[in-house]
Every structure is written in C-alpha cells, then in structure tokens.
K.L.:
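Attaching a single structure in structure tokens format; questions to follow.
Being a predicted model, the structure only gives us computed values, none of them experimental. Letters go in sequence order (proteins before strands), and every chain restarts at 1.
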Amino acid sequence: MANFILRKAEPKDVSDILRLIKELAKFEEMEEQVVLTEKELLEDGFGDHPFYHCVVAEVSKDKQSIEGYTVVGFAMYYFTYDPWIGKLLYLEDFYVMKEFRGYGIGSEILKMLSETAVKTRCSGMHFIVAEWNTTSIEFYKRRGASDLSHEEGWRLYEIDKCNLLKMSSRR
Amino acid sequence: MKFTICAAKPEDCKDIARMIMELAVYEKMPDQVKISHKELERDGFGRNPFYQCLVAEVSEDHKSKDGHTKVGYSLFFYTYSTWKGRTVYMEDLYVMPEYRGKGIGKALMATVAKVAKEQHCVRLQFSVLDWNKPSLDFYLAKGAEDLTAKEGWHFLRFHGIALDNLAREAP
C-alpha cells in the first residue's frame, strides 16, 4: 500500500484525534463515555503543561479514506512513575482506522513508541487492554508483552468525580 | 494521635524509599524494587517531575520503634483519558502497620483527592492486587469501582528485553 508517515501531533490535528478517539471508543463499545472536547484536547496537549503526547499516522491525499481523511491512526501516551523501577511510558490509546490495517502502520507506531521509551530512559511501556479484545492482546503478546493482571493479580480501580469531591471535603 | 500531611521534599526521599520497600514486601514482590532514594530525588524534584508525593509525619514523641517520624506516603501523577480528560493516578498509598487505624491513610487519600480537584481532574485511578482484601475494603468503602471486573480491563507491559527488541526494529 500506500506510504504513510508518522509524526508528532500538532494543534491542527485535534479534530482528527478526537474523531479517532471516538472511533476507538465505538469499537470498545463505550462511545457514550467520550465527553472530551477539541478545546480540552488542545489545552491539555498543547498548553503550558501538556498532559499527554501524541503521534499520528498520515497518508497522502491520493490515498485518503472513503470520507476524505488523511490522518488514519494515532497513539496517545504520557510518562508515569513506578516507585520500584522509575520512569515508564504509558500508552493510553492506540488506533488505526479499519481500512488502513494490515499495512504495518500499527507495528511502526509501536516501534516508534518503544524507541521513545528507551531513549527517555523508561524501564517499560505499560497499557491496558479489555480482556475480550483478543486480536489486540495477541498483537501485543506476539511482540513480547506480559499480562500483569493475569500474572500478578493487578486490578484497575477508579473513584469518580462525585466520590472524589466527597473525599476531599471530609477531613 | 496528631499527624501532618505535607508535600514531600528532596530530603524525604530516604524515608520514602524505606516505605516503598516496606510496601513491596507486603505486596510479596521486594525483589522487583530496583531504584533507590537517588533516582527518587532526581525524578521527583528536577525541572520536570515525574511524580508528586505526600508524606505523613508524627511528632518525635510518637516516633516508631526504629525512630522514624515519617510514617506514611502517597505517590501519584497525572494521566490522561481520551474519553474524560485529566486524571490522577495514585501509584502508591502506604501507612506503616503500627500507625494504622488512626485516619492517616484516609487523610493521605483525601489530600490526593483535593489536589486532583484543584487540577480539574475528573477521576482518581489506582490498581490493587486481587488478594489484598484490607486495601480493597478500604477503597470500596470510599466509592471505588473495580474496572477490571466491571469492564474487563487488564494491565499489560513491555519490559526489559521485550522493550529493547521492539525498539531495535524502529525505523
């Protein structure tokens, strides 16, 4: 196929990034949970204190998608900290549009991220995957990923805004 | 028993490293701790801190058997949800066994929640080992939800050789 390039996301990419976020959420059967707006993505990724980093995959105009998009994949990541091993790269979202799969775009994005992780002295790259998403789990395991929920028993917990407010006002 | 909760300072890193190891022993994984107070100082107090930390301290007359007055900590950082925006991830929460049951854990967590609210974060996430019933009970009482059970999320990781191998293939 078509050549593609991987590059750092720029402010002008936020509407494509939000579009791809929603497509991935739809695949994860949770699209109604996406409440983030373009304005927040812009402020949070390209302001004084970026909360995330993003790479996008772009094809040339003549290879654009059926609806006319040239930004066809993305990965959003940030740096976290493990008190046992230090800096980590956390992969929050990773997605390639369906019609552009099978051409190595996903593999190249993952390789680029792992190179970033090694260059920035990260001890590992962490992420979460839904247990029913066997295609993605196989993709990652083929490349050497381990499932810490399965191997060590870690479970992800969350306290939502309402309960956070209750906790912070009670002392 | 009176105690204070304050933002950690560089000189607290030796105590934080001590308590990180105590928590790792409790989690049955002490051999996985690879960093010392030196990395904690570099990574938490440089120009670009990779984590935030709160320390709980008691007065000299309430010091521990081994003479410590720093008796608990919480280490956290900011992450990003493509669905909901800014999130706080609480990586560690620990109180020395002889100081439990006095509201220190609750106060540490409430302070993390307060910081989260000030930074306009919409939720607090953390992970717990599936056998850790005392901690699970503590968190569930505060309104935490198990997203691994509810939505099937599993933690995955690329680590060590697997990460190096992946990076070596980068374009």
Side-chain angles (χ1 to χ4, degrees), chain A residues 21 25 30 33-36 40 44 51-52 76 78-87 90 92-93 108 110-112 114-115 117-118 123-132 140 143-150 152-161 163-168 170-171, chain B residues 20 24 32-35 39-40 43 50-51 75 77-86 89 91-92 107 109-110 113-114 116-117 122-131 139 142-149 151-160 162-167 169-171:
Chain A
I21 285 169
M30 291 191 259
Q33 291 206 39
V34 181
V35 297
L36 202 59
E40 281 156 338
D44 296 339
F51 281 81
Y52 68 85
M76 180 187 277
Y78 37 81
F79 296 99
T80 63
Y81 203 75
D82 181 321
W84 297 353
I85 54 176
K87 277 174 69 176
Y90 189 89
E92 174 65 31
D93 264 16
E108 291 306 310
L110 202 58
K111 286 178 204 170
M112 184 187 238
S114 55
E115 199 189 30
V118 169
S123 303
M125 181 156 69
H126 285 205
F127 47 101
I128 55 173
V129 190
E131 63 195 0
W132 53 258
Y140 295 124
R143 286 158 179 77
S146 2
D147 181 341
L148 299 185
S149 291
H150 183 69
E152 296 175 5
W154 292 103
R155 305 183 74 78
L156 179 65
Y157 277 76
E158 176 178 291
I159 293 183
D160 66 19
K161 194 169 183 180
N163 284 297
L164 263 187
L165 288 169
K166 280 191 202 156
M167 259 204 306
S168 65
R170 242 192 270 142
R171 283 297 295 269
Chain B
I20 285 170
Q32 291 207 37
V33 181
K34 308 286 184 211
I35 62 170
E39 284 86 359
L40 285 173
D43 297 336
F50 285 87
Y51 67 86
L75 191 148
F77 39 79
Y78 299 104
T79 62
Y80 205 72
S81 157
T82 45
W83 297 353
K84 298 179 182 168
R86 299 180 189 185
Y89 189 89
E91 175 65 32
D92 272 9
M109 205 157 161
K114 185 161 165 269
K117 195 176 122 190
V122 299
R123 62 190 190 178
L124 171 67
Q125 283 194 333
F126 49 98
S127 55
V128 190
L129 287 161
D130 54 13
W131 54 257
Y139 294 126
K142 286 166 171 45
E145 271 194 287
D146 179 344
L147 295 189
T148 295
E151 295 171 7
W153 295 105
H154 278 222
F155 273 114
L156 271 70
R157 161 179 85 181
F158 280 106
H159 181 62
L163 184 63
D164 290 338
N165 286 341
L166 200 52
E169 295 174 51

K.L.:
Using non-hydrogen atoms only, which part of A:Ser123 is less than 4.5 Å away from chain B: side chain, backbone, both, or neither?
P.N.:
backbone
K.L.:
Quick one: of A:His150, A:Met76, A:Lys87, A:Glu40, who has the most non-hydrogen atom pairs under 4.5 Å with chain B?
P.N.:
A:Lys87
K.L.:
Among A:Gly86, A:Pro83, A:Ala25, single out the residue with the greatest number of heavy-atom pairs under 4.5 Å to chain B.
P.N.:
A:Pro83
K.L.:
Find out whether A:Asp44 and A:Tyr52 are in side-chain contact, i.e. whether some heavy atom of one side chain is under 4.5 Å from a heavy atom of the other.
P.N.:
yes
K.L.:
Only pairs of heavy atoms separated by less than 4.5 Å count here; which of B:Val33, B:Asp43, B:Leu129, B:Asp92 has the most with chain A?
P.N.:
B:Leu129
K.L.:
Parallel, tilted or perpendicular: which describes the rings of B:Tyr89 and B:Phe155, with under 30° parallel and over 60° perpendicular?
P.N.:
perpendicular
K.L.:
Shorter than 4.5 Å, heavy atoms on both sides: which option in B:Arg157, B:Gln125, B:Arg86 has the most such pairs with chain A?
P.N.:
B:Arg157
K.L.:
Is B:Ala116 in contact with chain A via its backbone, its side chain, both, or neither, using a 4.5 Å heavy-atom distance?
P.N.:
side chain
K.L.:
At a heavy-atom distance under 4.5 Å, which candidate from A:Ile85, A:Asn163, A:Asp147 has the highest pair count against chain B?
P.N.:
A:Asp147
K.L.:
Does the side chain of B:Val122 reach to within under 4.5 Å of the side chain of B:Trp83, using non-hydrogen atoms?
P.N.:
no
K.L.:
Passes side chain to side chain contact (heavy atoms under 4.5 Å, CB included), B:Leu124 versus B:Met109? Steps please.
P.N.:
CA-CA 10 Å; B:Leu124 171 67; B:Met109 205 157 161; 4.0 Å; yes
K.L.:
Ring centroid separation for B:Tyr139 and A:Tyr157, is it under 6.0 angstrom?
P.N.:
no
K.L.:
Centres of the A:Phe127 and A:Tyr140 rings: under 6.0 Å?
P.N.:
yes
K.L.:
Tell me, for A:Glu92 versus chain B, whether the close heavy atoms (under 4.5 Å) come from the side chain, the backbone, both or neither.
P.N.:
side chain
K.L.:
Among the options A:Glu131, A:Arg155, A:Met30, A:Glu152, pick out the one with the most heavy-atom pairs lying under 4.5 Å from chain B.
P.N.:
A:Arg155
K.L.:
Of all of A:Ile21, A:Val35, A:Val129, which one pairs up most often with chain B through heavy atoms under 4.5 Å apart?
P.N.:
A:Val129
K.L.:
Please classify the contact of B:Glu91 with chain A as side chain, backbone, both or neither, using a heavy-atom distance under 4.5 Å.
P.N.:
side chain
K.L.:
Report the residues that fulfil side-chain hydrogen bond (donor to acceptor under 3.5 Å, both in side chains) with B:Trp153, sequence neighbours left out, ordered by chain and then residue number.
P.N.:
B:Glu151
K.L.:
With a 4.5 Å cut-off on heavy-atom pairs, point out which of B:Phe126, B:Trp131, B:Tyr78, B:Tyr51 contacts chain A the most.
P.N.:
B:Phe126
K.L.:
Say you draw a straight line from CG of B:Leu156 to CZ of A:Arg143; how long is it, rounded to the nearest 0.5 Å?
P.N.:
13.0 Å
K.L.:
Which answer fits B:Leu75, side chain, backbone, both or neither, if we ask what part of it has an atom under 4.5 Å from a heavy atom of chain A?
P.N.:
side chain
K.L.:
Does any heavy atom of chain A fall under 4.5 Å from the side chain of B:Asp146, the backbone, both, or neither of them?
P.N.:
both
K.L.:
Would you mind telling me which of A:Leu156, A:Leu148, A:Thr80 has the largest number of heavy-atom pairs within less than 4.5 Å of chain B?
P.N.:
A:Leu156
K.L.:
Taking all non-hydrogen atoms of both residues into account, name the closest pair between B:Thr79 and A:Phe51 and its distance.
P.N.:
O-CD2, 4.2 Å
K.L.:
Contact part of B:Tyr80 toward chain A, heavy-atom cut-off under 4.5 Å: side chain, backbone, both or neither?
P.N.:
both
